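Note that the coordinates shown come from a computational prediction; the quantities given were computed from them, not determined experimentally. Below, all heavy atoms of this structure are taken into account, side chains as well, without hydrogens, waters or symmetry copies. Here, residue 1 is the first one in the sequence, and each next residue gets the next number.
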Amino acid sequence: MSLITPVILCGGSGTRLWPRSRKSAPKPFINLIGQSSLFRQAVDRCGNAAQFADPVIVAGQAHVALIEQQMGGDQPYSLLVEPMARNTAPAIALAAASLDPDAIMLVCPSDHHIADAAAFAQAANTAADLARDNWLVSFGIAPDRPETGYGYIQQGEAMGGGYRVQKFVEKPDLATAEQFLAAGGYSWNGGIFAFKAGYLLDELSQYRPEMALAVTQAIAGATRQDHAIHPDPEVFAAIEGESIDYAVMENTARAAMVPVSMGWSDIGNWAAVHDALEQDDAGNCAAAQHQLEDCSNVLVVSDGKRVSALGLEDLCIVVDGDDILVTRMDRAQDVGRLDGPSSQ
């Protein structure tokens, strides 16, 4: 059985995790959960040489130095350097065009947290088996709450450890999300996919022929140095950016999903960091020297300064250098609106 090739997508600035996440060290490359960065965790989850081939990392030039530093010199990898950001469909297609057509790709965002690596690995094998039969496979994340911030996947008929996709659903309102949770058969779309490289390009050629042609030409005209591949910038610049969901997954007749419960979070804001960290009996968690008295559901993160709080609840307190963020948990998703995240 052929190995699975991890394709690690690096992008975005993580502005909702300011002040820890900054342009110089964005969300995937900082330690938020555990002792290593989310990027390094994504690579390490695919470190079993009996299951996974060497990773292909897709990133912009601004992240190259961070990636090379965190990868070190011990593990072979390929680094596809996007000339400019064009969303996930071109990024994934670049990786597909750089691989053997029969290679099985496992597309993983670099900035997600997965608590159960064994469940992830098992789902990867199931998804890869479907991908070998020319299915385009999404991981369907088991929902534990009526979340309005994610898209959903409705499962259809069962097959091969997974399901046909009945339909993809845009981010719902709360009432609809509650209905999905009560009905069952709906999963979150977590942005993790398995494809056969050649078949993905075939489907992209059908639904987005100009993009498929441009990506193929960009790889054909790429320059290579050590582990880095630089696609032709002029060809790539002409591509109109689009997500893989809109470009392919919502159009193809070969969409499948593998349901998985693996302690997944996209770590989209500080409230999500709080949920992913171990908490005390009052729901508090702290990655810092701290004293919390009569507090509940409080997150404390600090780069060294001691934080003391009294009589607080449902708050995130983050200290980084000269910047201090204090926000209610229910406003954590709005942190990106502050001046600080856009200017640093």
Looking at [X] and [Y], would you say the former's side chain and the latter's main chain have a donor-acceptor pair under 3.5 Å?
{"X": "D232", "Y": "E234", "result": "yes"}
{"X": "Q51", "Y": "A121", "result": "yes"}
{"X": "Q154", "Y": "V169", "result": "no"}
{"X": "W270", "Y": "I317", "result": "no"}
{"X": "T176", "Y": "P172", "result": "no"}

| request: I would like to know whether Q155 and S187 meet side-chain hydrogen bond (donor to acceptor under 3.5 Å, both in side chains); could you show each step before the answer? | output: CA-CA 8 Å; Q155 67 188 42; S187 300; 4.9 Å; no

Aromatic contact between [X] and [Y], with the criterion being ring centroids under 6.0 Å apart: yes or no?
{"X": "Y163", "Y": "W135", "result": "no"}
{"X": "H113", "Y": "W264", "result": "no"}
{"X": "Y152", "Y": "Y150", "result": "no"}

| task | Check step by step if side chain to side chain contact (heavy atoms under 4.5 Å, CB included) holds for I30 and S37. | result | CA-CA 5 Å; I30 57 177; S37 70; 5.9 Å; no

Linked, directly or transitively: [X] and [Y] (ILVMFWY side chains, under 4.5 Å):
{"X": "V107", "Y": "V258", "answer": "no"}
{"X": "L136", "Y": "L99", "answer": "yes"}
{"X": "L17", "Y": "V326", "answer": "no"}
{"X": "I57", "Y": "V64", "answer": "yes"}
{"X": "L106", "Y": "I141", "answer": "yes"}

Polar contact flag, side-chain donor to acceptor under 3.5 angstrom, [X]-[Y]:
{"X": "T126", "Y": "D129", "value": "no"}
{"X": "H112", "Y": "Q41", "value": "no"}
{"X": "D245", "Y": "N189", "value": "yes"}

| Should we say atom CD of E178 is surrounded by more than 12 heavy atoms from elsewhere, each under 6.0 Å from it? |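 Enclosed.
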
| task | Can you establish whether the number of heavy atoms outside Q206 located under 6.0 Å from its atom CD is more than 12? | result |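 Atom CD in Q206 is crowded, with more than 12 foreign heavy atoms closer than 6.0 Å.
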
Is there side-chain contact between [X] and [Y], with heavy atoms separated by less than 4.5 Å?
{"X": "Y77", "Y": "V56", "result": "no"}
{"X": "C285", "Y": "Q279", "result": "yes"}
{"X": "Q291", "Y": "R306", "result": "yes"}

| query | Checking side-chain hydrogen bond (donor to acceptor under 3.5 Å, both in side chains) for the pair H230/Q225: CA distance, chi angles, key distance, verdict? | reply | CA-CA 8 Å; H230 294 267; Q225 183 178 11; 5.6 Å; no

| task | Calculate, to the nearest 0.5 Å, the distance between atoms SG and NE2 belonging to C316 and H274 respectively. | result |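 Rounded to the nearest 0.5 Å, the SG-NE2 separation comes to 7.5 Å.
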
| said: To the nearest 0.5 Å, what is the distance between CG on D54 and OG on S78? | reply: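 Rounded to the nearest 0.5 Å, the CG-OG separation comes out at 7.5 Å.
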
| task | Given side chain to side chain contact (heavy atoms under 4.5 Å, CB included), test I153 with M257 step by step and report yes or no. | result | CA-CA 8 Å; I153 306 169; M257 60 89 72; 4.1 Å; yes

| task | Please determine if D314 and R328 form a salt bridge, counting it only when a charged side-chain N lies under 4.0 Å from a carboxylate O. | result |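 Answer for the salt bridge query: no.
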
| said: Once side-chain hydrogen bond (donor to acceptor under 3.5 Å, both in side chains) is applied, what residue pairs with a partner in residues 246-260 remain, sequence neighbours excluded? | reply: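 Qualifying pairs, neighbours excluded: E170-Y246, E203-T252.
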
| said: Before you tell me yes or no, could you show the steps for R22 and D323 under salt bridge (Lys or Arg N to Asp or Glu O under 4.0 Å), namely the whole-Å CA-CA distance, both residues' side-chain angles and the distance that decides it to 0.1 Å? | reply: CA-CA 12 Å; R22 301 171 184 263; D323 291 304; 2.8 Å; yes

